[in-house]
Amino acid sequence: MSSPAANIPQHVAIIMDGNGRWAKQRGLPRIEGHRRGVETVRTVTFAARDLGVRMLTLYAFSNENWKRPQDEVGALMGLLEFYLKKELDTFVRDRVRFRTVGRTDELPEGVQKQLRRTTEETKCFTDYTLVLALNYGSRTEMVDAARAYAAAVAAGKEKLNDSSWATFSRYLYTADMPEPDLVIRTSGEMRISNFLLLQAAYAEFIFTPVLWPDFTKADLAAAIADYNRRERRFGQTSEQLKPAPASK
Ligand code: IPE
Ligand code: IPE
Ligand code: MG
């Protein structure tokens, strides 16, 4: 377990995977797995805060997930709307700021309405933020950012010669968010699936075989403890990062 002095990742991002397999193992329809997955979202949202995390980003629907059977996509959208309606009071009571990343304007109108409402009614909270990645994909994010950046250059608001990561990254969906320190993927798959490619450039990765509906606070605590045993060097050497020994 982590000690009080432990270094807690400020931003944890999770690729929630394995709902379908969880259901299949039980002979249930895939949507049952998604329903249980929503329960885990609820648990993990508050578990992360209890453990000292300041921002939690959950990958809930990718740009590519539209390619799933229509009834599954429809059920996921229904579940999302239901979840948002149900959680709003809890977010307000427990001071959870809610926001999204992704092309939310392509989601069903009912979902968009709930997203706007939840975002608006929680925008004053500052201690803890839940971010849902919805209709998200790093590639479309990059295209959207490049377009917005080009428009800003054309309008004279940015100078092409001054381009840097610091200026360009302001056009990503995540402009005002810290980069993820820790990215967790459940279900044993070891891939990124188009999630926060640029932002996770220096994140630590943890892959766990646990299926998302089975993921618990203890699993999250274990991931954080694992994160704590790692040395993040950001291109430097280990020696550079260690404080110089006190000289006599
Ligand atoms: C993750 O679970 C939820 C979404 C991607 C929406 P999956 O539905 O991908 O579950 P598996 O990978 O089929 O088990
Ligand atoms: C990634 O999971 C997307 C989300 C968790 C929302 P997928 O299950 O869609 O990813 P692939 O297709 O297995 O890579
Ligand atoms: Mg999957």
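These numbers come from the heavy atoms of this one structure, side chains and all, not from hydrogens, waters or symmetry mates. What you are looking at is a predicted structure, and each value in this text was computed from that prediction instead of being measured.
No side-chain donor-acceptor contact under 3.5 Å links Thr174 to the backbone of Met177. With Trp22 contributing its side chain and Gly33 its backbone, the two residues share no donor-acceptor pair below 3.5 Å. Between the side chain of Arg54 and the backbone N or O of Asp127 there is at least one donor-acceptor pair closer than 3.5 Å. Looking only at distances, a side-chain donor or acceptor of Asn194 sits under 3.5 Å from a matching main-chain atom of Arg139. Gln112 contributes a side-chain N or O that, together with a main-chain N or O of Asp105, makes up a donor-acceptor pair within less than 3.5 Å. Judged purely by atom type and a 3.5 angstrom limit, Arg232 uses its side chain to pair as donor or acceptor with the backbone of Tyr202. One N or O on the side chain of Asp219 and one on the backbone of Thr216 form a donor-acceptor pair closer than 3.5 Å.
The nearest pair of heavy atoms linking Leu172 to Ala145 is CD2-CB, 3.7 Å. Ala23 and Arg30 get closest at one heavy-atom pair: CB-CA, 3.9 Å. Annotation for Val210 and Thr186: closest pair O-CB, 3.1 Å, computed over non-hydrogen atoms. Ala223 and Leu182 make their closest contact through O-CD2, 4.2 Å (heavy atoms, listed as atom of the first residue, atom of the second, distance). Listed here is the closest heavy atom pair of Thr40 and Pro213: OG1-O, 3.2 Å. Nearest heavy atoms, Thr208 versus Phe215: CG2-CE1, 4.1 Å.
Summarising the geometry, atom CH2 belonging to Trp212 is positioned 6.0 Å from atom CE belonging to Met16; distances are rounded to the nearest 0.5 Å. Atom OG1 of Thr118 and atom CG of Leu88 lie 5.0 Å apart (nearest 0.5 Å). Note: Asp94 CG to Thr45 OG1 = 10.5 Å, rounded to the nearest 0.5 Å. From Arg191, atom CZ reaches atom CD1 of Ile15 across 9.5 Å, with rounding to the nearest 0.5 Å. To the nearest 0.5 Å, the span separating CG on Asp17 from OG on Ser193 amounts to 7.0 Å. Within the model, atoms CG of Asp226 and CD1 of Ile206 stand 4.0 Å from one another, a figure rounded to the nearest 0.5 Å.
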Fill in: From CA spacing to verdict: side chain to side chain contact (heavy atoms under 4.5 Å, CB included), Phe98, Thr129
CA-CA 6 Å; Phe98 176 87; Thr129 306; over 6 Å; no
Practice prompt. Determine, step by step, whether Val73 and Asn65 satisfy the side chain to side chain contact (heavy atoms under 4.5 Å, CB included) criterion, reporting the C-alpha distance in whole Å, the side-chain angles of both residues, the deciding distance to 0.1 Å, and the verdict.
Written response: CA-CA 8 Å; Val73 171; Asn65 287 148; 6.0 Å; no
Practice prompt. Could you please spell out the steps behind the salt bridge (charged side-chain N to carboxylate O under 4.0 Å, His left out) verdict for Asp176 and Arg99?
Written response: CA-CA 11 Å; Asp176 49 355; Arg99 57 168 292 176; 2.7 Å; yes
Practice prompt. Walk me through it: do Ile192 and Phe205 pass the test side chain to side chain contact (heavy atoms under 4.5 Å, CB included)?
Written response: CA-CA 10 Å; Ile192 305 293; Phe205 283 81; 3.3 Å; yes
Worksheet item: Does the side chain to side chain donor-acceptor pair (under 3.5 Å) test come out yes or no for Thr90 and Arg42, once each step is laid out?
Response: CA-CA 10 Å; Thr90 318; Arg42 202 168 274 136; over 6 Å; no
Item to complete: Report the C-alpha distance between Val44 and Lys217 in whole Å, list the side-chain angles of each, state the deciding distance to 0.1 Å, and finish with yes or no for side chain to side chain contact (heavy atoms under 4.5 Å, CB included).
Response: CA-CA 6 Å; Val44 171; Lys217 183 175 183 179; over 6 Å; no
Worksheet item: Would Glu81 and Lys86 satisfy salt bridge (charged side-chain N to carboxylate O under 4.0 Å, His left out), going step by step from the backbone distance to the final call?
Response: CA-CA 9 Å; Glu81 194 176 334; Lys86 194 158 174 227; over 6 Å; no
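Contact of the Phe195 side chain with the Thr57 side chain is registered, since non-hydrogen atoms from C-beta on lie closer than 4.5 Å. By the 4.5 Å heavy-atom criterion applied to side chains, Glu189 and Arg21 are counted as neighbours. The shortest side-chain heavy-atom distance between Thr122 and Val96 does not fall under the 4.5 Å cut-off. Taking the side chain as every heavy atom from C-beta outward, Met77 and Phe61 approach each other to under 4.5 Å. Two residues are said to be in side-chain contact when any heavy atoms from C-beta on lie closer than 4.5 Å; Ile14 and Leu56 meet this criterion. The shortest side-chain heavy-atom distance between Tyr171 and Glu158 falls under the 4.5 Å cut-off. Side chains of His11 and Glu179 form no contact here, defined as non-hydrogen atoms less than 4.5 Å apart. The closest side-chain heavy-atom distance from Asp181 to Val12 is not below 4.5 Å.
At a cut-off of 3.5 Å, with distance as the only test, a side-chain donor of His34 or Glu72 sits close to an acceptor on the other residue. A donor atom on one side chain and an acceptor atom on the other are not found under 3.5 Å apart for Thr126 and Arg95. Between Ser163 and Tyr149, the side chains place a donor N or O and an acceptor N or O closer than 3.5 Å (distance only, hydrogens not considered). Side-chain polar atoms of Thr119 and Lys123 form no donor-acceptor pair below 3.5 angstrom.
Taking the charged nitrogens against the carboxylate oxygens, Arg116 and Glu121 have no contact shorter than 4.0 Å, which rules out a salt bridge. No salt bridge links Arg35 with Glu39; every basic N to acidic carboxylate O contact stays at or beyond 4.0 Å. Salt-bridge annotation for Glu32 and Lys24: absent, with no side-chain N of the basic residue lying under 4.0 Å from a carboxylate O of the acidic one. A salt bridge does not link Arg93 to Asp89: none of the charged side-chain nitrogens sits closer than 4.0 Å to a carboxylate oxygen.
Grouping the Ile, Leu, Val, Met, Phe, Trp and Tyr side chains by contacts below 4.5 angstrom, directly or via other members, places Val38 with Leu115. The hydrophobic cluster containing Ile31 also contains Leu84, counting ILVMFWY residues as joined when their side-chain heavy atoms lie under 4.5 angstrom apart, directly or transitively. With hydrophobic clusters built from ILVMFWY side chains whose heavy atoms lie under 4.5 angstrom apart, Leu107 shares a cluster with Leu79. Both Phe207 and Tyr59 are members of a single hydrophobic cluster when ILVMFWY side chains are connected at heavy-atom separations under 4.5 Å. Cluster membership for Met55 and Leu198, using ILVMFWY side-chain heavy atoms within less than 4.5 angstrom, is shared.
Between Phe168 and Trp165, the angle of the ring planes lies from 30° to 60°, which puts this pair in the tilted group.
For the side-chain contact (heavy atoms from CB on, under 4.5 Å) test with Pro9, the passing option among Ile224, Val183, Ile184 is Ile224; the others fail.
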Please report, to 0.1 Å, the donor-acceptor pairs under 3.5 Å made by any side chain of residues 130-137, with sequence neighbours excluded.
{"from": "Asn135", "atom 1": "OD1", "to": "Asn63", "atom 2": "ND2", "distance (Å)": "2.9"}
{"from": "Asn135", "atom 1": "OD1", "to": "Trp66", "atom 2": "NE1", "distance (Å)": "2.9"}
{"from": "Asn135", "atom 1": "ND2", "to": "Arg103", "atom 2": "O", "distance (Å)": "2.8"}
{"from": "Asn135", "atom 1": "ND2", "to": "Glu106", "atom 2": "OE1", "distance (Å)": "2.8"}
{"from": "Tyr136", "atom 1": "OH", "to": "Ser138", "atom 2": "OG", "distance (Å)": "3.2"}
{"from": "Tyr136", "atom 1": "OH", "to": "Glu141", "atom 2": "OE1", "distance (Å)": "2.5"}
{"from": "Tyr136", "atom 1": "OH", "to": "Leu196", "atom 2": "N", "distance (Å)": "3.4"}

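More than 12 heavy atoms of other residues, nucleotides or ligands lie within 6.0 Å of CD in Glu109, so this atom counts as buried by the packing criterion.
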